[in-house]
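Both ligands and their constituent atoms are indexed starting at 1 by order of listing. Atom set for the values below is all heavy atoms of this structure, side chains included, hydrogens, waters and symmetry mates excluded.
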Amino acid sequence: FDRQHLTTRRLFSSSSRCMTVMPAWVIDKYGSNDALRFTKNASFPVINYPNEVIVKVFAAGLNPMDVSMRGGYGAATLSRKRDPLNIKQSGSEFPLILGRDVSGVIMECGLDVKYFRESDEVWAAIPPWKQGSLAEFVVLSANEVSHKPRSLTHTEAAAIPYVATTAWSALVNTGGLSKDNCTKKRILILGGSGGVGTFAIQMLKAWGAHVTVTCTQNAEHFVRGLGADHVVDYTAGPVEEPLTTLEKFDLILDNVGGDTERWALTLLKPWSGAKYITLITPFLQNMDRLGIADGMMQTAATVATKALKNLARGVHYRWGFFAPSGPALDEIREMVDAGQIRAVVEETFKFSQVPQAFNKLEKGHARGKTVVEIS
Ligand code: NDP
């Protein structure tokens, strides 16, 4: 009660009006774009734990995950994460605020927050079980937040965190890559022109890797401009054919999925520690379809079978996942401010145009990121 009371009091003191509600785009049920609703009366976020901060949102980046979540993807797992003891009734996640990227300013710090102060400019990737950034304010754990790169506007900064922390988690935590061991490594990125791809190309080039990318022919100039060394057009015929003629790879990041697993692992250098990491996993889908317990069992069985089968062929098969991380964003900020990574904003929308932003996202064929300017 004391913490809550303090927060409310501070909100009163830092503003002349009582902030108990705020503008936001919410969904009240899962569905298509019709489910999106603008309200001026969304609940104002509250600091519940002493390590939390409230961020005033200046810009919100959108991701394919937002479109999937709008349709109910991952609902079983994410609801369990929000309510581990399963106390609340089904549907208690509504009204749900989407938006996984935020750039903004710290408005309020919990009592244990040491690294941030009010008015600090910050960026963050918001875990999908938390309320998102299509709102005037959002509450986050301080360890999910990082100081924003000085060289970027808020709009540019909101284009990076979710795809960057996903690429970081896949390439660094799962793939074992770092700035010290990438020189001359041959990396293949399947799907280089979207959010994750455009970030991963730049990060790997900054670390000295040789980067091959698959994309549509009309994106070749674009991905080369980001540093890709070799580009293969996946629309010109079976993409595995030109890829098979190339020197084998040390690591593959798969942003495409589908039938790629059938041939991609044969492109790796066998018995060298080479890894295939796919971001397209049935993890949340299994839970939605089978329930948490059976879904977990099915997921564990699937990944173990695939990993063992490929291990016998001398290559490593892994799943990659988004992982929120302020410390990873701190390192990424250094690379951005050093001019090694730039934000790739394909299109921006006003706060009033969130449904149009979702329409754009749903059409696919991304060339970088879609960002909503909140204030
Ligand atoms: P985007 O929508 O931004 O980009 C996808 C890109 O892939 C587009 O540029 C598209 O362009 C291109 N593309 C589509 N089909 C192919 C193909 N067959 N070969 C090569 N390129 C292709 O998505 P993100 O980069 O943000 O994410 C990539 C994937 O990773 C998504 O499926 C996303 O859901 C998933 N993801 C998973 C996460 C996890 O935790 N596991 C976290 C983040 C993302 P075009 O169609 O014009 O070729």
Taking side-chain hydrogen bond (donor to acceptor under 3.5 Å, both in side chains) as the test, write out the residues that go with Glu240, two or more places apart. none
Should Gly192 be counted as touching ligand 1, given the test is an N or O pair under 3.5 Å? no
Can you name the one residue among Lys148, Glu121, His154 that meets side-chain hydrogen bond (donor to acceptor under 3.5 Å, both in side chains) with Ser103? His154
Nearest-contact summary for atom 28 (C) of ligand 1 - protein heavy atom, Å: Asn255 O, 3.6 Å
salt_bridge(Lys88, Glu93) N-O dist < 4.0 Å: no
Below the 3.5 angstrom mark, is there an N/O of Gly195, backbone or side chain, next to an N/O of ligand 1? yes
Please tell me if the side chains of Leu253 and Thr278 come closer than 4.5 Å, counting only heavy atoms from C-beta onward. no
Closest to atom 44 (C) of ligand 1 (judged by heavy-atom distance), picking from Val67, Val232, Val196: Val196
By number and element, which atoms of ligand 1 are closer than 4.0 Å to a non-hydrogen atom of His365? 11 (O), 45 (P), 46 (O), 47 (O)
Proximity of Phe349 and Phe358 rings by center, below 6.0 Å: no
Just distances here: any N/O of Leu190 and N/O of ligand 1 closer than 3.5 Å? no
Does an N or O anywhere in Cys215 fall below 3.5 Å from an N or O of ligand 1? no
Distance under 4.0 Å to a non-hydrogen atom of Phe322: what atoms of ligand 1 satisfy this? 39 (C), 40 (O)
Is it true that Leu243 and Leu268 fall in one hydrophobic cluster, defined by side-chain heavy atoms closer than 4.5 Å? yes
Just heavy atoms, cut-off under 4.0 Å: does Val256 contact ligand 1 by side chain, backbone, both, or neither? side chain
Within a strict 4.5 Å, meaning less than it, do heavy atoms of the Val372 and Leu134 side chains meet? yes
For ligand 1, is there an N or O atom under 3.5 Å from any N or O atom of Gly320? yes
May I ask whether Thr281 has any heavy atom positioned less than 4.0 angstrom from an atom of ligand 1? no
Ligand 1-proximal atoms of Tyr162, by part, heavy-atom distance under 4.0 Å: side chain
Sub-4.0 Å heavy-atom approach of Gly364 to ligand 1: no
Heavy-atom distances under 4.0 Å decide this one: backbone, side chain, both or neither, for Thr235 against ligand 1? neither
Parallel under 30°, tilted from 30 to 60°, perpendicular over 60°: which one fits the rings of Trp207 and Trp168? perpendicular
Using the test side-chain hydrogen bond (donor to acceptor under 3.5 Å, both in side chains), find all partners of Lys306 that sit at least two apart in sequence or belong to another chain. Glu261
Using the six-membered ring of Tyr162, assess whether NZ or CZ of Arg100 lies under 6.0 Å from its centre and within 45 degrees of the ring axis. no
Should the proximity of Thr166 to ligand 1, defined as any heavy atom under 4.0 Å, be assigned to the side chain, the backbone, both, or neither? side chain
Judged by heavy atoms only, the candidate from Asn63, Leu279, Leu284 nearest atom 36 (N) of ligand 1 is Leu279
Heavy-atom contacts with Ile280 under 4.0 Å: which atoms of ligand 1 show up? List them by number with element. 29 (C), 30 (O), 32 (O), 35 (C)
Just checking, any donor-acceptor pair under 3.5 angstrom between side chains of Asp330 and His147? no
Test item: side-chain donor near acceptor, Asn310 and Arg318, under 3.5 Å: no
Where on Met65 is there a heavy atom closer than 4.0 Å to ligand 1, on the side chain, on the backbone, on both, or on neither? neither
Purely on distance, is any nitrogen or oxygen of Ala366 under 3.5 Å from one on ligand 1? yes
Between Ser193, Ala200, Gly194, which one has a non-hydrogen atom sitting closest to atom 10 (C) of ligand 1? Ser193
Flag the pair Asp250 and Lys275 as a salt bridge only when some basic side-chain nitrogen lies within less than 4.0 angstrom of an acidic carboxylate oxygen. no
I'd like to know if Glu346 and Lys360 make a salt bridge, using a cut-off of under 4.0 Å between side-chain N and carboxylate O. yes
Quick check: does Arg367 get an N/O under 3.5 Å from an N/O on ligand 1? yes
List every atom of ligand 1 that sits less than 4.0 Å from any heavy atom of Gly191, numbering the atoms from 1 in the order shown and giving each element. 20 (C), 21 (N)
Can you tell me if Thr216 contacts ligand 1 (heavy atom of the residue under 4.0 Å from the ligand)? yes
Side chain, backbone, both or neither: Tyr234 near ligand 1, heavy atoms under 4.0 Å: side chain
Shortest protein contact, atom 26 (O) of ligand 1 (heavy atom only): Pro64 CD, 3.5 Å
Hey, what's the ring geometry for Phe351 with Trp25, parallel, tilted or perpendicular (30° and 60° as the breaks)? perpendicular
Consider ligand 1: state whether an atom of it lies below 4.0 angstrom from any non-hydrogen atom of Lys369. no
